[in-house]
Colleague: 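I'd like to ask you about the structure that follows.
The analysis underlying the following values was restricted to heavy atoms, covering all of them including side chains, and did not include hydrogens, waters or symmetry mates. For the single chain, residues carry numbers from 1 onward in sequence order.
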Amino acid sequence: MRFRIWIPLAVIIIVLICVSTLILYLRPAVKARLGDYEQGRTVDKAFAAADALARGNSQPLQSKLELAARSGGGRVLVVDRQGKVTASAGRKLLSPVPQRILSAASKGERRNEMAGDNRVAVVPMVRNGNVEGGVVFVSGEGETSVYKLFLRSGIEAAALASAVGVILALLMATFLDRRVKRFGRGVEEMEQGNYSYRLNPTFGDELGELALTFNSMAGKLQDSFSQLEESSATLTAIVDNLNEGVMATNLGGDIMFANPIARDALNLSADVDVEGSHGKVPDLWEDFDLPGAVDRCAKDKKC
């Protein structure tokens with residue numbers, strides 16, 4: 001797989017693992033903290049509503065309830081001593097308040113518990129020193145809703161972090177891919193015999209050091225092949241000007257090289273100096289088996 005594919009995928013996996021681990025680690029603590037916070041918040045709002053109703057000002061009861069419900073963000077119920085709801089205000093509830101909570105409110109008890117997905121607080125309603133029932137405050141946003149909001153926020157954060165990470169990883173992968181392709185181009189040039197090709201190190205990182213090493217190797221190869229070409233040209237000139245015939249074959253008996261004297265003596269064509277174009281060693285003499293001698297030398301590795 002190319003850099004542009006596996007690096008972004010790796011970044012996505014790493015980000016998701018990190019965010020998931022963080023959420024799973026914080027989940028119990030966050031759930032407990034949210035529960036404690038919502039519990040204390042609901043009780044405070046219930047007491048605030050009861051205190052507002054107990055004040056002896058001229059403001060109507062319904063106005064007090066609506067103000068308490070609006071400031072608390074939930075629903076306020078006033079329960080008399082007989083357990084009947086005499087007044088209410090605030091958000092509508094999807095399910096009615098359980099009878100046990102209304103009964104507790106009528107007795108002036110204090111309670112703080114869950115009713116479905118909502119936190120419910122019950123406090124006594126005291127007027128002129130007498131308990132006249134209770135006030136029930138139902139939180140508008142339950143712990144479950146707040147917890148789901150936390151999880152959703154975590155998922156959104158993970159998605160956003162993954163998107164940003166993918167963009168950055170794609171840019172990094174593209175940058176690395178281009179630099180690696182330069183090395184591939186350099187190897188192709190050297191494979192084709194262009195030993196003068198050099199890479200631009202660009203940065204002083206590991207790939208930059210590798211580019212410097214590549215350039216050094218290419219320079220040494222260029223010098224070595226230049227020396228080999230010079231040696232080969234010198235040897236060819238010496239052999240071609242000898243008064244004796246010189247012929248070279250491979251282990252299979254194919255003629256690899258023959259100087260002009262050998263070509264004349266063996267009746268070889270003029271293109272015998274082109275490697276692989278001249279065929280097998282000829283058999284020209286009755287009293288000497290030249291192909292056999294070459295074959296024996298090839299098998300015994302000595303002559």
Colleague: So which atom in G245 and which in I261 form the shortest heavy-atom distance, rounded to 0.1 Å?
Modeller: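 Answer, listing the atom of G245 first, then I261: N-CG2, 3.5 Å.
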Colleague: Any non-hydrogen side-chain atom of K280 less than 4.5 Å from a side-chain atom of D254?
Modeller: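 SC-SC contact between K280 and D254 confirmed.
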Colleague: Looking only at atom types and distance, does a side-chain atom of N259 sit under 3.5 Å from a main-chain N or O of I238, one as donor and one as acceptor?
Modeller: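 No.
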Colleague: Group every Ile, Leu, Val, Met, Phe, Trp and Tyr by side-chain heavy-atom contacts under 4.5 Å, then state whether F175 and I167 land in the same group.
Modeller: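 Hydrophobic grouping puts F175 apart from I167.
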Colleague: Given the rule in the side chain to side chain contact (heavy atoms under 4.5 Å, CB included) test, do D295 and D289 qualify, once you have shown the distances and angles that lead to the verdict?
Modeller: CA-CA 10 Å; D295 185 59; D289 184 8; over 6 Å; no
Colleague: For the backbone of E230 and the side chain of T234, can you confirm whether one donor and one acceptor N or O come within less than 3.5 Å of each other?
Modeller: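 Side chain of T234 to backbone of E230: a pair is present.
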Colleague: Hey, could you give me the OH/CZ distance between Y197 and R182, rounded to the nearest 0.5 Å?
Modeller: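 Between atom OH of Y197 and atom CZ of R182 there are 8.5 Å.
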Colleague: Looking at N250 and G253, would you say the former's side chain and the latter's main chain have a donor-acceptor pair under 3.5 Å?
Modeller: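 Looks like yes, one N/O pair under 3.5 Å.
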Colleague: Going hydrophobic residue to hydrophobic residue with side-chain gaps under 4.5 angstrom, can you get from M172 over to L207?
Modeller: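 Yes, because M172 and L207 connect within a single hydrophobic cluster, where side-chain heavy atoms sit under 4.5 Å apart.
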Colleague: Angle between ring planes, F225 versus Y195, binned at 30° and 60°: parallel, tilted or perpendicular?
Modeller: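 Plane angle under 30°, so parallel.
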Colleague: May I ask you to test the L266-L284 pair for a side-chain heavy-atom distance under 4.5 Å?
Modeller: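 Touching, per the 4.5 Å side-chain cut-off.
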Colleague: side-chain contact (heavy atoms from CB on, under 4.5 Å) with V85: which of V78, V136, L102?
Modeller: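 Only one of V78, V136, L102 forms a side-chain contact (heavy atoms from CB on, under 4.5 Å) with V85, namely L102.
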Colleague: When rounded to the nearest 0.5 angstrom, what distance separates CG in D240 from CZ in F257?
Modeller: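 Between D240 CG and F257 CZ, I get 5.0 Å after rounding to 0.5 Å.
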Colleague: Is there a donor-acceptor pair under 3.5 Å between the side chain of K107 and the backbone N or O of P124?
Modeller: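 Looks like no, no N/O pair under 3.5 Å.
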Colleague: Over all heavy atoms of both residues, which pair between P201 and L199 is shortest? Give the atoms and the distance, please.
Modeller: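 Heavy-atom minimum between the residues: CD-O, 3.4 Å.
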Colleague: Would you say S224's side chain and K220's backbone share a donor-acceptor pair under 3.5 angstrom?
Modeller: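 Yes, the answer is positive, given that a donor and an acceptor are paired below the 3.5 Å cut-off.
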Colleague: Does R263 use its side chain to pair, donor to acceptor, with the backbone of L268 at less than 3.5 Å?
Modeller: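 No, the answer is negative, given that no donor and acceptor are paired below the 3.5 Å cut-off.
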Colleague: First locate atom CZ of R81, then atom CG of N130, and finally report the distance between them rounded to the nearest 0.5 Å.
Modeller: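 Atom-to-atom, R81:CZ and N130:CG are 9.5 Å apart.
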Colleague: Are V123 and F137 close enough, and set up right, to give a side chain to side chain contact (heavy atoms under 4.5 Å, CB included), and what steps lead you there?
Modeller: CA-CA 9 Å; V123 296; F137 181 83; over 6 Å; no
Colleague: Minimum heavy-atom separation for L77 to S88, with atom names?
Modeller: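 In this case the closest contact between L77 and S88 is CD2-CB, 3.3 Å.
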Colleague: Could you tell me the separation between the CZ atom of R185 and the CG atom of N194, rounded to the nearest 0.5 Å?
Modeller: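 CG of N194 is found 9.0 Å from CZ of R185.
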Colleague: Looking only at heavy atoms, what is the nearest atom pair of F288 and A293, with distance?
Modeller: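 Looks like CZ-CB, 4.0 Å.
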Colleague: Give a yes or no on whether V187 and M217 share a hydrophobic cluster (residues Ile, Leu, Val, Met, Phe, Trp, Tyr; joining criterion: side-chain heavy atoms under 4.5 Å apart).
Modeller: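 V187 and M217: one cluster.
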Colleague: Just verifying a value: how many Å separate M125 CE and T86 OG1, rounded to the nearest 0.5 Å?
Modeller: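 If I round to the nearest 0.5 Å, the distance is 6.0 Å.
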Colleague: Can you see which heavy atom on R179 is nearest to which on G208, and at what distance?
Modeller: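 Where R179 meets G208 most closely, the heavy atoms are NH2-N, 3.4 Å.
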Colleague: In terms of hydrophobic clustering (I, L, V, M, F, W, Y; side-chain heavy atoms under 4.5 Å; direct or indirect links), are V131 and V135 co-clustered?
Modeller: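 Different clusters.
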Colleague: Grab the two heavy atoms, one from R119 and one from N112, that are nearest each other, plus how far apart they are.
Modeller: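 The pair with the smallest heavy-atom distance is CD-OD1, 2.8 Å.
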Colleague: Given the rule that I, L, V, M, F, W and Y join up when any side-chain heavy atoms are under 4.5 Å apart, are L221 and F183 in one cluster?
Modeller: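 Yes: a chain of side-chain contacts under 4.5 Å links L221 to F183.
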Colleague: Quick check for you: to the nearest 0.5 Å, what is the distance between R198 atom CZ and S216 atom OG?
Modeller: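 So the CZ of R198 and the OG of S216 are separated by 9.0 Å.
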